[in-house]
Amino acid sequence: MPPRELPIYELENAVVGSLRAQGRLIVQAPTGSGKSTQIPQMLFNHGLLAERGEVVVLQPRRLAARMLAKRVAEEVGTRIGDVVGYQIRLESRVSEKTRIRFVTEGILLRQMSFDATLRGVSAIVFDEFHERHLYGDISLARAVQIQQTTRPDLKIVVMSATLDAGALKSYLAPCEVLVSQGRSFPVRVEYLTKTANFEQEPVWDVAARECARVAGQTSSGDFLVFMPGAYEISRTVQAIQGDRALRDFICFPLHGELPPEQQDRAVARYEARKIIVSTNVAETSLTIDGVTVVIDCGLARVARFDPNRGINTLLIEKISVASADQRAGRAGRTAPGVCVRLWTEREHGGRALQELPEVKRLDLSEVVLTLKASGIDDVGAFPWLEKPDAKGLERAEMLLADLGAVSAVSKERDEGTPPTPGRITEVGRRMLRFPVHPRYARMLIEADARGCVRPVALMAALTQGRSFLMRGVPKDVEDAREDTLGEEHESDFFLLMRVWRFADKASYSMDACRRLGIHAQGSRAVGPLFEQFLEIAEKEGLDVSEQRVDGVAVRKCVLAGFSDQLAKRLDAGTLRCELVHKRKGTLARESAIQKATLLVAAEVSEIGGRGGEVNTLLNLVTAIEEPWLKELFPDDYVNATTVSYDESAKRVVARRERRFRDLVIEAKASADEVPLDAAAALLTQQVLAGNLKLEAWDETVEQWIVRVNRLAEWFPELEVNSLTEADRATLVEQICYGELGYKDIRDKPVMPTLRDWLTAEQLAVIDDYLPERLTMANGRKSRISYAKEGPPVLSARIQELYGVEGKFTLGNGRVPVKIEVLAPNQRPIQVTDDLTNFWREQYPKVKAELSRRYPRHEWR
DNA sequence: GAGCACTGC
C-alpha cells in the first residue's frame, strides 16, 4: 500500500496542529496503521523540528528499530545513516545529517543521563508505549521533566496500539488524544458456563474436551491451545492424542525450551488439520498462520521480583483481559475465528485489565542508580507515571548502599520515617558506565583491584541474555557435557565460560551446540557483549591485560557483588541451605557445585511446582571460603563467644560462634564460663515468655503480690513500693541468678526472694493488716481474696457464718470487707457488706429454697 | 512431575 493511503493519514492535520499548539500528544492506533513509519515523517515534513534538530523514535525491540529505519529511509529516498538512521546496542547507523533516528530504549535513557538537556533533539516519539517497559516509563518521565525545565520547545509524542489512555492523558495534561481505527477479522468469544475446578478435572482434560467439542462444529482451520508451561503442554498433547474425536488432527507442543527443529515442525503447514499446544511464545513473538480456533486456559507463569525478600518468583497466575484479548486475536489473523476461554464470563469481569507494568515487577536498583546520576536523590518524589512500591525502592537503595554505589543509607531509623535518600558515589558513577546490573558493574570494579577484569567481564556477558544452557537434557547430552567440559567444583560461572568457549570454537555450529544442549543463538550473543565490556573497561582505565586466570580472585569478585545471597549448607547430606536475611533455599539440581558448604548464589528464584507447592532454588552458584568474608567485609564478619539459651537442653550455654551478618556459619558449645548475669537474663526471658514455668510461683505467690500492692495503696504511710510488671521481671531474674538450666530453677523456692521486697517493718504488719485468713466471731477461719481492684472478699458457706453478725474490716478498721455467702455447693448466692442485714432481709427466702435442696445440712 | 516469555544499555 502506498504510504499516503495508510489509515494514519486521516490524522495528519490533527497531529501537526496539536503538536504546534501543545508540544505533547497521544496517538492511539492499531498495528498496521502506519503510525511508526509515518508520524516521524510528518514531524520532519511539516517543519516541526528545529533547523538541524532530529526526531528520536523509541522502539522496544532492536529488530523493529532496524527495520523501521530501513523502510523510512526507502520512503524518504536516502541511504540508511543519512537523513534516516538507527542506533541500537553495539550498532550505530547515524551521521551529522540524520534527522529521523530510531533507537532502542536503553540508548535514549543513557543519552538522557549523560546530557540532561538533550542537545540536538527536537522531538521524541515513544512507540509501542502500551508495553510499559521500565525504561519507557522512566524515559517518558525524564522527557516531561526536561520539557518543563530546560527544554520547553521539546515535542513529545506517545503512541500505542491499545492504551489505558485516561491515566496517561492526565499524566501528560494538557495533552490531546488522537485515535485511528484499525481493521481485522472478528473472533467469537465463548466462555464456560460453570467455573472449572482444575484440582478436580485437570486443565489439560478440560482443554482436550473443548477441542473435541469445537472440532465437531468446524470443518477447516487449525487450533491453538494456550497452557502455562512445558509440563501442562505435554499432558495436553497426551490427552488430545488419546481422544478419538480428535484422531484426524496432528498435534504439536510448542515452547521456548524445545529444540529449533521441533519448533519449526509445530509452525509448518500440513495437509491435515493440526492442534498446537503452546506457552506464551505464541501470544506475541511467534505468528502462526491458519489458526481459526483458540482454546485459552487463562493462565501463565509470570516472573516477578519480590522486594520484601529480594527473591525472583515464577508462579502460575491468571492472565489479564488485555492478554486474553491478544490470545483471542490469534484466531482472527486470516479468517473469522472462535476463541474458547476456560473460565466463566462472570470471572472474566473480575480480572485485571492489563498486566502489571515492569516498574511494579522488576528489580529497580539499576534505574534508581541512573536517576541518582541525574541528580534525583529522592527517587520516591520522582514524577513516576506509575509509582513503584516503596518497598521496591527501599530494597534498591539498600543494595546500592551495600555495593558502595550510593552513600550509606542510615539503617537505624524510627519506624515509619522514610530513609534518608543516599547520593551517588564516585564508585557509583564509574559503575554506571557499564551497561549491566549494578551487581556486575561492582564486580568489574572489584576485578580491577584483583587483576581479573577479563574473566569477570566475560561472566557479565554470559549472564546478560537468557540462559543458553538447556535444562533437563537427556542422559547422553549430560554425558557429552561432562566429557567435553570436565568437572567443576568452584563455580557454575566457570562451567558457563567453558561452554561458551566450546561454542565459540565450534563457530556456534548447530550440530556441535545440540550435542551439548546449548542454545546456539544465545551463546552467539555473548562475544560482542564481552568485547563491549572490555572496551568500556579499558576506556575507564581498568586493567584489561590478559593474565593467568586466578579462580580465587574471580570468586572473591562474585562475593563482592552477591554478598547478600551468601548461603550455608544445612547438612552435608541435603541440598537445603540457609541464606543471609533469614531466607531458606535449595541448591538447584543442575548446579555443578553440589558439595560446597559455603556458597554464593547469583540467582535466587522461587518456583511454583505442580501441586501448588513453592520452592526457592539457588542457582548459578559459586563456592566461597570463609576467610574471604572477613577479608572483604571485616565489619560484617563476627567470630566471638556468645551466650545463648539452648532450647532442647533447656539450658544457657556458651558458644563459640562465627557469623556473617545474621547468618550463623558455625556455632559450637564452648567450655568457656557463662557469665551469671547473662545467664539469669536469658532464663528470665524464657520464664516471662511462658516457655519455662517456676513451679513454686503459684496462686499464693500471685495473691501475695496483690496484697503487697494493696498494702501500698491503702497504707501509704508504710511507704511500701508497689510491685510493677518490670519489678516482676527483676524478681524472676533474682530467683534465676546463679543458675544455668531449667532443672536448677524449676522447683526453686520463690517466696524468700519475694519477701525481701518488703522491709522487716512492712513484713511484720502485712499478715496483720491484710491477712490471708480471717478468724470470725464464731471462731471459724475464712479465706480472704484480694484483687487488683475493689475491696477484699471473704467467702464462706452459710453454715460457717452462723452466729456471725455485722460488718468486717481489716487494717485497724480502715479497709471494709465484702462477704460472699456461699451455698452448700460452694456457689455464691449473695454478696453483702453487712451480715446482720443479710440474716434479716435475704436469709429467710434463701433458707426456704436451699433447705429443700440440701435437707441434710444444718439450717438455723 | 522443580522452571513462562521477553527486551533493552
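Chain naming here is simple, since letters A, B, ... match the order of the sequence lines and numbering starts at 1 in each.
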J.: Rounded off to whole Å, could you give me the CD-to-P distance for the A:Gln464 and B:dC9 pair?
T.: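 My rounded result for the distance is 10 Å.
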
J.: Specify the separation, in whole Å, of atom CZ of A:Arg89 and atom P of B:dT7.
T.: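 Rounding to the nearest Å, CZ of A:Arg89 and P of B:dT7 are 14 Å apart.
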
J.: Hey, does A:Leu134 have a side-chain heavy atom less than 4.5 Å from the side chain of A:Glu105?
T.: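 They are not in contact (no side-chain heavy atoms under 4.5 Å apart), so the answer is no.
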
J.: Does A:Arg589 put a side-chain nitrogen or oxygen below 4.0 Å from OP1 or OP2 of B:dA2?
T.: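 Yes, A:Arg589 has a side-chain N/O under 4.0 Å of OP1/OP2 on B:dA2.
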
J.: Between A:Arg142 and A:Phe382, is NZ or CZ placed under 6.0 angstrom from the six-membered ring centre and within 45° of the ring axis?
T.: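 Cation-pi check for A:Arg142 and A:Phe382: fails.
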
J.: What integer distance in Å separates A:Glu128:CD from B:dG8:P?
T.: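 Spelled out: CD on A:Glu128 to P on B:dG8 is 13 Å.
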
J.: Which value, rounded to the nearest 0.5 Å, describes the distance between A:Gln262 atom CD and A:Phe252 atom CZ?
T.: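 Going from CD on A:Gln262 over to CZ on A:Phe252, the span is 10.0 Å.
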
J.: Verify the contact: side-chain N or O of A:Ser605 to OP1 or OP2 of B:dG3, cut-off strictly under 4.0 Å; return yes or no.
T.: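 Checking A:Ser605 against B:dG3: no side-chain N or O falls below 4.0 Å of OP1 or OP2.
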
J.: Which residues satisfy the salt bridge (charged side-chain N to carboxylate O under 4.0 Å, His left out) test with A:Glu201, sequence neighbours excluded?
T.: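 Listed in chain order: A:Arg209.
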
J.: Pick the nucleotide of DNA chain B nearest each of A:Leu254 and A:Gln532; which residue has the one closer to the 5' end?
T.: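 Result of the comparison: A:Leu254.
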
J.: Could you tabulate the donor-acceptor pairs under 3.5 Å formed by side-chain atoms of residues 525-536 of chain A, not counting sequence neighbours?
T.:
from     : atom 1 : to      : atom 2 : distance (Å)
A:Gln532 : OE1    : A:Arg89 : NE     : 3.1
A:Gln532 : OE1    : A:Arg89 : NH2    : 3.3

J.: Given B:dC9, is OP1 or OP2 found less than 4.0 Å from the side-chain N or O atoms of A:Thr104?
T.: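 Yes.
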
J.: Between B:dA2, B:dC9, B:dC4, which nucleotide has the shortest distance from any of its atoms to the side chain of A:Thr279?
T.: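 Of the options given, the side chain of A:Thr279 lies nearest B:dC4.
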
J.: Can you tell which of A:Lys318, A:Glu283, A:Arg351 makes a side-chain hydrogen bond (donor to acceptor under 3.5 Å, both in side chains) with A:Ser323?
T.: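 For A:Ser323, the side-chain hydrogen bond (donor to acceptor under 3.5 Å, both in side chains) check succeeds only for A:Glu283.
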
J.: Between P on B:dC4 and CD on A:Glu317, what's the gap in Å once rounded to a whole number?
T.: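 After rounding, the gap between these two atoms is 14 Å.
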
J.: At a heavy-atom distance below 4.0 Å, what parts of residues 61-70 of chain A sit against DNA chain B?
T.: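 A:Arg61, A:Arg62, in order of number.
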
J.: Between the base of B:dG1 and the side chain of A:Tyr231, is there a donor-acceptor distance below 3.5 Å?
T.: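 Under the 3.5 Å cut-off, the side chain and the base do form a donor-acceptor pair.
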
J.: Regarding A:Leu109, tell me which of base, sugar-phosphate or nothing describes its non-hydrogen contacts under 4.0 Å with the strands shown.
T.: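 Contact class for A:Leu109: none.
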
J.: Could you tell me whether A:Ala300 contacts a base, only the sugar-phosphate backbone, or nothing, with contacts defined as non-hydrogen atoms closer than 4.0 Å?
T.: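 Result for A:Ala300 = nothing.
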
J.: Can you figure out which of B:dC6, B:dC9, B:dA2 approaches the side chain of A:Leu617 most closely?
T.: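 Between B:dC6, B:dC9, B:dA2, the one nearest the side chain of A:Leu617 would be B:dA2.
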
J.: Would you kindly give the CG-to-C1' distance between A:Asp363 and B:dG8, to the nearest whole Å?
T.: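 Nearest whole value for this atom pair: 15 Å.
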
J.: Choosing from B:dG3, B:dC4, B:dG1, which nucleotide comes nearest the side chain of A:Glu590?
T.: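 That would be B:dG3.
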
J.: To the nearest angstrom, how far is A:Gln59 atom CD from B:dC6 atom P?
T.: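 It works out to 19 Å between those atoms.
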
J.: On DNA chain B, nearest-nucleotide positions of A:Leu587 versus A:Leu90: which is more 5'?
T.: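 Its nearest nucleotide lies further toward 5', so the answer is A:Leu587.
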
J.: Side chain of A:Ile107, heavy atoms from C-beta onward: which of B:dC9, B:dA2, B:dT7 has the nearest atom to it?
T.: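 Comparing B:dC9, B:dA2, B:dT7 against the side chain of A:Ile107, the answer is B:dC9.
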
J.: Between the side-chain atoms of A:Asn615 and the base atoms of B:dA2, is any donor-acceptor pair under 3.5 Å?
T.: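 Under the 3.5 Å cut-off, the side chain and the base do form a donor-acceptor pair.
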
J.: Is the closest side-chain heavy-atom distance between A:Gln87 and A:Gln111 below 4.5 Å?
T.: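 Sidechains of A:Gln111 and A:Gln87: no contact.
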
J.: How long is the line joining CD of A:Glu358 and C1' of B:dC6, in whole Å?
T.: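 In whole Å, B:dC6 C1' lies 9 Å from A:Glu358 CD.
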
J.: Checking all strands, does A:Asn312 fall into the base, sugar-phosphate, or nothing category for heavy-atom contacts under 4.0 angstrom?
T.: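 Touches nothing.
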
J.: Hey, are the side chains of A:Leu140 and A:Leu168 touching, using non-hydrogen atoms and a 4.5 Å cut-off?
T.: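 The answer is yes, as the side chains (C-beta and beyond) meet within the 4.5 Å cut-off.
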
J.: Let's test your reading of the model: under 3.5 Å, does the base of B:dG3 pair with the side chain of A:Arg471 as donor and acceptor?
T.: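 Flag set: donor-acceptor pair detected.
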
J.: How close or far is atom C1' of B:dC6 from atom CD of A:Glu105, stated in whole angstroms?
T.: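 These atoms are roughly 12 Å apart.
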
